[in-house]
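For reference, the structure is listed below as structure tokens.
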Protein chains: 2
Amino acid sequence: MHRIKQIPLFSNLSFSYIDKLQKISTVKSFNKDEILFYEGDSPIYMHILLEGSLRLYKTNSKGNQIFLHQFKPVCLVAELANFEGISYPATAQFLTKGEVLKIDYKKLENDFFKNPEISLQIIRSLTNKLKIMSDVVTNEVILTSEAKIAKFIIENSELFGKLKNTQIASILNLTPETLSRTLTKFKNMGIILESDRHKIVVINEKELLKLYT
Amino acid sequence: MHRIKQIPLFSNLSFSYIDKLQKISTVKSFNKDEILFYEGDSPIYMHILLEGSLRLYKTNSKGNQIFLHQFKPVCLVAELANFEGISYPATAQFLTKGEVLKIDYKKLENDFFKNPEISLQIIRSLTNKLKIMSDVVTNEVILTSEAKIAKFIIENSELFGKLKNTQIASILNLTPETLSRTLTKFKNMGIILESDRHKIVVINEKELLKLYT
DNA sequence: TTCTTTCATTGACATAGGTCAATTTTTACA
DNA sequence: TGTAAAAATTGACCTATGTCAATGAAAGAA
């Protein structure tokens, strides 16, 4: 109960409504690497990520996982599938242990959209997801691997200090080999340099920006 | 005025509200090939496509246009940019002559989301766009060109009778050469055959489905 | 119908990025 | 601190799809 009140989507609801929600929802815990849902599954529940970090990916014909997004709490997950009654368009897997509020969507649906506060939150959530997907298209369809890496350095340079190159490569949907070769190239061009502990220092930001804009 | 009443998004509005909308909006006509907005432009107006067929595309580093979607009236266009105050993520160009309702978004914004009827329509529109983008990702990132073509034949075989292969290739973001080679391959495999007037007849639908599922 | 232009097909080749294997470097644990 | 395991680097090669050019086929204009 206390959990539901803290979810932005539901924070403005009346007590009676929250009580009703309470009755049709459960909190479920997941361990690292557990799957919340697979691509192609039919949705029964609406999922709200409460704790932990959730990775969304699709699988291509070679069996490679194509990274789409990493969700942080608190947020709706794959509500598109609920709203449209279609199967999940991607797989969701926990990167850490986590918790999810599962709501019986069918029971919710009828009056879910009537509440203006909820509508507004849904619009926010959908808008956010649309932006995510638009970025996925830009990154995966429009940019070359060099451009992707340049963009990632500009936008997420701190992650080089925290993650291994294999992990960064998988976020970028590139092989570690390609990432390594490209970083070497950037170093040779004098655009970046690598300080201790695997950190990247941008020397020539202008040049880096030019590579993807 | 009469136009606004016919737009599903606004059909349930009170007369006074429609009157207000009327004052901040204009209808503009476009010729074939004219651009409604360019990728990167800052949005001022909210656009509603009233007539004609509108092509949405992004441009990659080689200058190729990457086809995203073809809009049919009546629908909101690129509302994401309005809602988020970001620049247009793609270019919109008319394929035929057409008409657009342009609404001064800043004047609309304040009370736009308060009306539950409008909210619901916006949710519909956003959901629809999210599905479109999810399909773009599937087609452009997940599927091979062979799979894309197989899927297109299953879902749009009638278009082969209406469009030239160059046009189909551009919808699929492939070169005409690749399309031609793949169709020849499918013919040799006995999966399809080409009847008169450039029409495609599917002989082995099962096999075609297997190529992309 | 004939001519001209556009479109489709085909072959030869180019290229980005992936794959595989060998080697070196880093990390983590005993 | 030494050593095993994991990660990064590098080279050689592969593959899907694009590019370019030549030719043949279809469609529209005269």
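The sequence lines fix the lettering, A, B, ..., with proteins before strands; numbering per chain opens at 1.
By the neighbour-count criterion of 12 heavy atoms within 6.0 Å, atom NZ of A:K187 is densely surrounded, having more than that number from other residues, nucleotides or ligands. Counted within 6.0 Å of OH on A:Y45, heavy atoms from surrounding residues, nucleotides or ligands total 12 or fewer; the atom is thus considered open.
Rounded to an integer number of Å, the gap from CG of A:N64 to P of C:dG18 is 9 Å. Taking atom CD1 of A:I142 as the reference point, atom P of C:dA16 lies 17 Å away to the nearest angstrom. For B:E194 and D:dA25, the CD to P distance is 14 Å, given to the nearest whole Å. To the nearest angstrom, P of C:dT10 lies 9 Å from CG of B:N188. With rounding to whole Å, A:K62 atom NZ is found 13 Å from C:dC20 atom C1'. As a whole-Å value, the separation of A:H198 NE2 from D:dA8 C1' is 8 Å. Remark: C1' of D:dG18 and CD of B:E140 are 15 Å apart, rounded to the nearest angstrom.
Shown for residues 159-186 of chain B: residues whose heavy atoms fall under 4.0 angstrom of DNA chain D, namely B:N173, B:L174, B:T175, B:E177, B:T178, B:R181.
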Please set out all donor-acceptor pairs under 3.5 angstrom arising from side-chain atoms of residues 121-128 of chain B, sequence neighbours excluded.
{"residue": "B:S125", "atom": "OG", "partner": "B:E79", "partner atom": "OE2", "Å": "2.5"}
{"residue": "B:S125", "atom": "OG", "partner": "B:K129", "partner atom": "NZ", "Å": "3.3"}
{"residue": "B:T127", "atom": "OG1", "partner": "B:I123", "partner atom": "O", "Å": "2.6"}

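A salt bridge links B:E39 and B:K58; the closest N-O separation between the charged side-chain nitrogens and carboxylate oxygens is under 4.0 Å.
Qualifying side-chain contact (heavy atoms from CB on, under 4.5 Å) partners for A:T144, counting only residues two or more places apart in sequence or in other chains: A:E146, A:A147, B:S61.
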query = Between B:K97 and B:E51, does a salt bridge (charged side-chain N to carboxylate O under 4.0 Å, His left out) hold up when you go through it step by step?
reply = CA-CA 8 Å; B:K97 63 192 175 67; B:E51 289 288 337; over 6 Å; no

